[in-house]
Colleague: 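One structure, pasted below without further comment.
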Protein chains: 2
Amino acid sequence: MNPCKEPSKEAVNMAEDDEGLLLDNQVCFALYSAANAIVRAYRPLLIELDLTYLQYLVMMVLWQSNGINVKTLGEKLHLDSGTLTPLLKRLEGKKLVQRRVSQRDERVKELFLTEQGMAVKQKALSIPDAMFCKMNLPAEELMMLKGLCEKVTKTLA
Amino acid sequence: MNPCKEPSKEAVNMAEDDEGLLLDNQVCFALYSAANAIVRAYRPLLIELDLTYLQYLVMMVLWQSNGINVKTLGEKLHLDSGTLTPLLKRLEGKKLVQRRVSQRDERVKELFLTEQGMAVKQKALSIPDAMFCKMNLPAEELMMLKGLCEKVTKTLA
DNA sequence: AACAATTATATTGCACACAATAAAATTGCA
DNA sequence: TGCAATTTTATTGTGTGCAATATAATTGTT
């Protein structure tokens with residue numbers, strides 16, 4: 001990471017006396033709070049699929065790349081096995097996913113969609129639109145938001 | 001909420017066939033992932049204060065508005081008592097906060113900083129700068145990110 | 001005044017997020 | 001070849017986030 005320059009007085013997280021400790025000046029809190037709001041907003045949309053938001057994300061990854069292993073899944077989602085293993089167990093319990101020991105390395109678990117898991121994709125096709133409606137932001141702003149969030153994630157990785 | 005118009009083909013969350021189900025097209029995932037990254041990034045900074053990120057947020061609110069009740073705290077943080085009550089109990093256990101029954105309404109708990117809770121603020125003064133350094137984004141982008149996140153939270157509320 | 005409706009907080013149960021640790025498997029090195 | 005080092009996933013423990021529910025207190029209505 002680049003050496004960190006003296007923050008300018010106009011920076012939103014600056015510490016001028018204790019202004020940096022005001023909740024309303026916290027970009028991090030805004031982001032954190034928005035993320036919670038998003039997970040909440042997905043909930044009613046995902047009831048029909050019987051998936052939580054994170055399960056939905058996992059399914060999306062598998063629809064795109066069936067057969068990947070837990071490590072790769074974790075890398076794509078920036079999550080570790082403490083989170084993924086129980087979740088995958090639950091998806092397996094729902095008969096949407098199968099975890100198989102890899103033939104070339106017995107430590108590795110490969111994740112495969114079941115027929116049922118593949119079929120759920122049809123029901124999921126309407127979710128992105130529905131969520132787009134809920135957010136009610138212009139596409140340009142959404143793309144900007146996406147880009148900035150990706151920067152944050154990459155920088156803090 | 002406004003009636004939702006037909007999403008344009010350029011929308012990032014559009015469902016053109018199954019493009020809407022690609023992880024990389026998900027602004028919501030970008031936001032969710034960035035929020036996780038932020039909480040992770042705060043962790044080492046908050047060790048010295050012996051606070052988690054959410055506890056730090058609560059303390060910030062109380063440093064700003066000592067004596068508020070649980071409902072108001074929840075409104076400011078967009079969190080409910082399921083989350084706050086155990087957390088406040090832990091802060092009380094750490095002798096940073098006291099929960100007192102309100103005189104005018106016995107259902108209401110008012111939250112007061114202890115001397116120790118007030119003193120922690122000094123140690124916290126360096127956190128915003130440190131986090132700003134970590135994020136390594138120009139202030140303009142941070143402010144834009146903050147504004148967009150606030151829009152999301154407000155819209156989805 | 002009596003009681004229904006609402007409110008504030010707490011509790012219960014479940015899913016997630018992650019640090020620390022464990023166990024087994026694989027890789028790297030002498 | 002043997003063993004140390006590393007890797008992959010799972011487990012353990014703790015804290016968070018929220019829906020559903022509970023309990024007590026307060027407000028609203030008749």
Side-chain angles (χ1 to χ4, degrees), chain A residues 29 32-47 49-58 68-75 77-94 97 99-111 153 156-157, chain B residues 29 32-47 49-58 68-75 77-94 97 99-111 153 156-157:
Chain A
F29 169 66
Y32 171 82
S33 212
N36 287 339
I38 275 168
V39 175
R40 285 195 294 269
Y42 266 98
R43 227 170 242 126
L45 301 179
L46 293 171
I47 287 183
L49 279 66
D50 184 31
L51 296 175
T52 62
Y53 177 63
L54 186 51
Q55 288 169 12
Y56 167 69
L57 291 179
V58 169
I68 63 167
N69 60 43
V70 177
K71 181 182 175 181
T72 304
L73 179 66
E75 283 165 355
L77 296 174
H78 309 288
L79 296 168
D80 69 15
S81 73
T83 304
L84 293 176
T85 297
L87 179 145
L88 290 167
K89 282 183 179 177
R90 282 188 290 273
L91 285 182
E92 208 171 22
K94 290 176 182 178
V97 166
R99 294 180 301 159
R100 295 190 205 145
V101 174
S102 160
Q103 288 193 7
R104 56 175 302 283
D105 183 340
E106 289 176 51
R107 301 168 299 180
V108 172
K109 289 281 179 65
E110 288 165 342
L111 308 169
T153 305
L156 295 180
Chain B
F29 169 65
Y32 170 82
S33 212
N36 286 339
I38 276 168
V39 175
R40 284 196 295 269
Y42 265 98
R43 227 174 240 121
L45 301 178
L46 293 170
I47 286 184
L49 280 65
D50 184 28
L51 295 175
T52 63
Y53 177 64
L54 185 52
Q55 290 170 6
Y56 167 69
L57 290 180
V58 169
I68 64 166
N69 59 44
V70 177
K71 180 179 172 180
T72 304
L73 178 66
E75 283 165 354
L77 295 176
H78 308 289
L79 296 169
D80 70 16
S81 73
T83 304
L84 293 175
T85 296
L87 180 145
L88 290 166
K89 282 183 176 175
R90 282 188 290 274
L91 284 182
E92 207 170 24
K94 290 176 180 178
V97 166
R99 295 180 299 159
R100 294 189 205 146
V101 176
S102 160
Q103 288 193 5
R104 59 175 298 283
D105 183 341
E106 289 178 50
R107 300 168 300 181
V108 173
K109 289 280 176 66
E110 289 165 344
L111 309 168
T153 305
L156 296 180

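Treat the numbers as computed from the prediction; the structure is a model and nothing was measured. Only heavy atoms go into these numbers, but all of them, side chains included; no hydrogens, no water, no symmetry mates. To find a chain, count down the sequence lines: A is the first, B the second, and so on, and within it residues start at 1.
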Colleague: For nucleotides 17-28 of chain D, give me one character per nucleotide, 5' to 3': B if any protein heavy atom sits under 4.0 Å from the base, S if the only such contacts are to the sugar-phosphate, - if neither.
Modeller: BBS----BBS--

Colleague: Nearest 0.5 Å, please: how far is CD in Glu110(B) from CD1 in Ile68(B)?
Modeller: 10.0 Å

Colleague: Nearest 0.5 Å please: distance from the CG atom of Leu54(A) over to the CZ atom of Phe29(B).
Modeller: 9.0 Å

Colleague: What is the distance, to the nearest angstrom, from the CG atom on Leu88(B) to the C1' atom on dT16(D)?
Modeller: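 Rounding to the nearest Å, CG of Leu88(B) and C1' of dT16(D) are 13 Å apart.
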
Colleague: If we fit an axis to the first five pairs and another to the last five of the helix from dA1(C)-dT30(D) to dA30(C)-dT1(D), what angle do they make, to the nearest 10°?
Modeller: 10°

Colleague: For Thr85(A) and dT11(D), is the shortest distance between a side-chain N/O and OP1 or OP2 below 4.0 Å?
Modeller: no

Colleague: Could you tell me which non-hydrogen atom of Leu88(B) sits nearest to which non-hydrogen atom of Arg99(B), and how far apart they are?
Modeller: CB-CD, 3.9 Å

Colleague: Measure across His78(B) and Thr153(B) and return the closest heavy-atom pair with its distance rounded to 0.1 Å.
Modeller: NE2-CG2, 3.9 Å

Colleague: Can you confirm whether Leu51(A) sits close enough to Leu91(A) that some side-chain heavy atom of one is under 4.5 Å from a side-chain heavy atom of the other?
Modeller: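 Sidechains of Leu91(A) and Leu51(A): in contact.
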
Colleague: Judged by each residue's nearest nucleotide on DNA chain D, which is more toward the 5′ side, Arg90(B) or Val108(A)?
Modeller: Val108(A)

Colleague: Please test Val101(B) against Lys109(B) for side-chain contact (heavy atoms from CB on, under 4.5 Å), starting from the C-alpha separation and ending with a verdict.
Modeller: CA-CA 5 Å; Val101(B) 176; Lys109(B) 289 280 176 66; 3.8 Å; yes

Colleague: So where does chain A start and stop touching DNA chain C, 5' to 3', when the test is distance under 4.0 Å to a non-hydrogen atom?
Modeller: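 Footprint of chain A along DNA chain C, 5' to 3': dA15(C) to dT26(C).
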
Colleague: If we only count heavy atoms from C-beta on, is the Val58(B) to Leu111(B) side-chain gap below 4.5 Å?
Modeller: no

Colleague: Rounding to a whole Å, what distance do you find between Gln55(B):CD and dG15(D):C1'?
Modeller: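 Going from CD in Gln55(B) over to C1' in dG15(D) covers 8 Å.
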
Colleague: Pick base, sugar-phosphate or nothing for Leu84(A), based on heavy-atom distances below 4.0 Å to the nucleic acid.
Modeller: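 Result for Leu84(A) = nothing.
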
Colleague: May I have the step-by-step check of side-chain contact (heavy atoms from CB on, under 4.5 Å) for Val39(B) and Asn36(B), ending in yes or no?
Modeller: CA-CA 5 Å; Val39(B) 175; Asn36(B) 286 339; 5.8 Å; no

Colleague: Measure the CZ-CG distance between Arg40(B) and Asp80(A) for me, rounded to the nearest 0.5 Å.
Modeller: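 Output value for this atom pair is 8.5 Å.
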
Colleague: Should Leu57(B) and Tyr32(A) be marked as a side-chain contact (heavy atoms from CB on, under 4.5 Å) after you check the CA-CA gap, both sets of side-chain angles, and the distance that decides it?
Modeller: CA-CA 11 Å; Leu57(B) 290 180; Tyr32(A) 171 82; 3.8 Å; yes

Colleague: Determine the interplanar angle of the Tyr53(A) and Tyr42(A) rings, folded into 0 to 90°, and report it as parallel if under 30°, tilted if 30 to 60°, perpendicular if over 60°.
Modeller: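 Tilted: the ring planes of Tyr53(A) and Tyr42(A) meet at 30° to 60°.
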
Colleague: How many whole angstroms separate atom CG of Leu77(B) from atom P of dT16(D)?
Modeller: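 For the pair Leu77(B) CG and dT16(D) P, the rounded distance is 12 Å.
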
